[in-house]
> 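This structure is in structure tokens; I'll ask about it shortly.
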There are 2 protein chains.
Amino acid sequence: MAIMGLLFYIPMSGYDLRKAFSATSLKHFSSSPGAIYPALRRIEAAALIQGKIERQNTLRPRKVYTLTSVGMAAFKERLSQSVTLDDIMWRMDELMLRFSFMYELLGKERTLKFLEEFSSATGSHIQALEKEYKLMNKNVSFGGPRAFEHGIEVYRSTVHWAKKVIREIQKKGELK
Amino acid sequence: MAIMGLLFYIPMSGYDLRKAFSATSLKHFSSSPGAIYPALRRIEAAALIQGKIERQNTLRPRKVYTLTSVGMAAFKERLSQSVTLDDIMWRMDELMLRFSFMYELLGKERTLKFLEEFSSATGSHIQALEKEYKLMNKNVSFGGPRAFEHGIEVYRSTVHWAKKVIREIQKKGELK
DNA sequence: AATTTCATGTAACCAGTTACATGATTCA
DNA sequence: TGAATCATGTAACTGGTTACATGAAATT
């Protein structure tokens, strides 16, 4: 997802991607060669991206990858999928990645829809956690329940963020 | 870490651990047999835990693992380590896990020290992120900077949580 | 009698990590 | 001229995932 997102903006080589992953805010994605290069070949094999060798004459080849139309369609398709509880619990990073590219690729309405889905799914997950918290045996350890509270707090701040961004996008519309 | 933490409280079998991981708030740790059983054997090989077969007479063996004294020492040692930037960036789950068991195992003072280290390390990471945020090109995409803000917000709520727990522990002392 | 739960495990597969290899080009 | 950077890649190792295997005991 991260690779395809970057290639949507600018065609890049594996080396460029590694730099992008290690230098920018995407640094929590792996930039190791053993991750990037095999991934590029996998995605290319699936016809989602295509590499073209630049300056093969200069004896220092550079393989620049571009999103194919199939890749673009698959990427948009993934961006369009609705937010599940599993996404919230296990793939928050990917949700944020999807959101990062969404406004430009799917437009205002679908980004709003995503954020509303996201915030309500997170909200109901919080409710489930609060319920579990009440049933929790709080005598066993001091730290356990406190760590649990941390998880809930983080989700709350996530909902807060989502609602703020929703308002921001709605304001954008008014100005137009 | 999670396995050893649970075994610190109660000796358990692999099956019990799987149930604990899938049923309780530790469910974001893997409970798959292909993760638990090999891990138990690795940890046992390192002499950190020891398994004893219960009721081998009843034809349904049950291997119950207990923390060894070496394992307990190693666990405490890990809990005692100071909080690094890498822990904050890459191992937040483990930090929370460490915190969960800390009060009972290391006591009040060292838990406070941990939380203060944790909150100041997180605070300076936030400052670094804010600096990066300012330098960020915000014209490329709408979502990118917003997702970045989300990351910062989550860290802020984490610091907020830590400070709250610090006050709570300090109050605990006053009551005694 | 059939289903669920207890209980432990293996095997094929997937994918990431670190370290290494290679060699050209650019910079100090 | 030597170091850093550009640029792509492989190999050994690690460890998790899913699916499967086995079979007893408890429940319905």
Side-chain angles (χ1 to χ4, degrees), chain A residues 1-4 6-7 10-24 26-46 48-66 84 86-87 89-91 93-94 97, chain B residues 1-4 6-7 10-24 26-46 48-66 84 86-87 89-91 93-94 97:
Chain A
M1 278 293 286
I3 288 176
M4 291 178 68
L6 287 177
L7 294 182
I10 320 140
M12 284 190 208
S13 69
Y15 190 76
D16 294 335
L17 287 165
R18 290 188 64 197
K19 271 192 304 175
F21 284 134
S22 60
T24 74
L26 293 106
K27 67 177 124 281
H28 69 280
F29 294 98
S30 166
S31 67
S32 71
I36 298 284
Y37 291 110
L40 284 170
R41 256 169 295 139
R42 282 198 301 273
I43 309 174
E44 193 177 24
L48 302 176
I49 58 175
Q50 187 162 17
K52 270 169 199 159
I53 291 162
E54 252 183 15
R55 39 175 199 193
Q56 61 272 64
N57 43 338
T58 51
L59 288 173
R60 191 167 71 176
R62 198 179 120 88
K63 203 169 183 184
V64 176
Y65 291 92
T66 316
T84 67
D86 269 23
D87 287 331
M89 290 178 70
W90 306 105
R91 290 179 292 272
D93 285 359
E94 204 206 308
L97 204 49
Chain B
M1 280 292 286
I3 287 175
M4 291 178 68
L6 286 177
L7 295 183
I10 320 141
M12 284 190 210
S13 68
Y15 189 76
D16 293 335
L17 287 165
R18 289 188 64 197
K19 270 192 305 175
F21 284 135
S22 60
T24 75
L26 292 107
K27 65 175 126 284
H28 68 281
F29 295 98
S30 168
S31 66
S32 70
I36 299 281
Y37 291 109
L40 284 170
R41 255 168 296 137
R42 284 197 301 273
I43 308 174
E44 193 177 24
L48 303 175
I49 59 174
Q50 187 162 17
K52 269 169 202 160
I53 292 162
E54 255 184 13
R55 44 178 195 189
Q56 61 272 63
N57 44 338
T58 52
L59 288 172
R60 191 167 71 179
R62 200 178 118 90
K63 204 169 183 183
V64 176
Y65 291 91
T66 316
T84 67
D86 269 22
D87 286 332
M89 290 178 71
W90 307 105
R91 290 180 292 273
D93 284 358
E94 204 206 309
L97 205 47

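Convention: sequence-line order gives letters A, B, ...; per-chain numbering from 1. Just so you know, these numbers come straight off a predicted model, no measurement behind them. Below, all heavy atoms of this structure are taken into account, side chains as well, without hydrogens, waters or symmetry copies.
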> Roughly how far apart are Ile3(B) CD1 and Leu48(B) CG, rounded to 0.5 Å?
11.0 Å
> Report the end-to-end axis angle of the helix from dA1(C)-dT28(D) to dA28(C)-dT1(D); each axis comes from five terminal pairs, and the value is rounded to 10°.
30°
> So what does Gly14(B) hit on the nucleic acid, given a heavy-atom distance under 4.0 Å: a base, only sugar-phosphate, or nothing?
sugar-phosphate
> Please state whether the phosphate of dT17(D), meaning OP1 or OP2, lies under 4.0 angstrom from any side-chain nitrogen or oxygen of Ser32(B).
yes
> With a cut-off of less than 4.0 Å, is there a side-chain N or O of Tyr15(B) near OP1 or OP2 of dT8(C)?
no
> About how many Å separate CG of Leu6(B) and CE of Met1(B), when rounded to the nearest 0.5 Å?
11.0 Å
> What is the separation between atom CD1 on Ile53(B) and atom P on dA24(D), rounded to the nearest whole Å?
17 Å
> Roughly, in whole Å, what's the span from OH in Tyr65(B) to P in dA7(C)?
14 Å
> Kindly say if Arg42(B) contacts the phosphate of dG16(D), meaning a side-chain N or O under 4.0 Å from OP1 or OP2.
yes
> Rounded off to whole Å, could you give me the NE2-to-P distance for the His28(B) and dG16(D) pair?
14 Å
> Taking the nucleotide of DNA chain D with the closest heavy atom to each, which residue, Pro33(B) or Pro38(B), is nearer the 5' end?
Pro38(B)
> Over how many whole Å does the gap from Asp16(B) atom CG to dG9(C) atom P extend?
13 Å
> Inspect the surroundings of NZ in Lys52(A) and state if more than 12 heavy atoms from other residues, nucleotides or ligands are less than 6.0 Å away.
no
> Could you measure the distance from the CZ atom of Phe29(A) to the OG1 atom of Thr24(A)? Nearest 0.5 Å is fine.
9.5 Å
> I need the Ser13(B) OG to Tyr37(B) OH distance, nearest 0.5 Å.
6.5 Å
> Establish, with yes or no, whether the OP1 or OP2 oxygen of dT8(C) is under 4.0 angstrom from a side-chain nitrogen or oxygen of Ser13(B).
yes
> Taking Glu44(B) for its side chain and Gly51(B) for its backbone only, find out whether a donor-acceptor pair lies under 3.5 Å.
yes
> Roughly how many Å is it from CD1 in Ile36(A) to P in dG16(C), rounded to a whole number?
9 Å
> What's the CG-C1' distance between Leu40(B) and dG16(D), to the nearest Å?
15 Å
> Would you check if Ile10(B) and Asp16(B) make a side-chain contact, meaning some heavy-atom pair closer than 4.5 Å?
no
> With respect to the side chain of Arg18(B), which nucleotide from dT8(D), dT8(C), dC6(D) is positioned closest?
dT8(C)
> Of the candidate nucleotides dT17(C), dT8(C), dG9(D), which contains the atom at the shortest distance from the side chain of Arg41(A)?
dG9(D)
> Is Tyr37(B) near enough to dT8(C) that one of its side-chain N or O atoms lies under 4.0 angstrom from OP1 or OP2?
yes
> Nearest whole angstrom, please: distance from the C1' of dT8(C) to the NZ of Lys19(B).
14 Å
> What is the distance, to the nearest angstrom, from the CZ atom on Arg62(A) to the C1' atom on dA24(C)?
15 Å
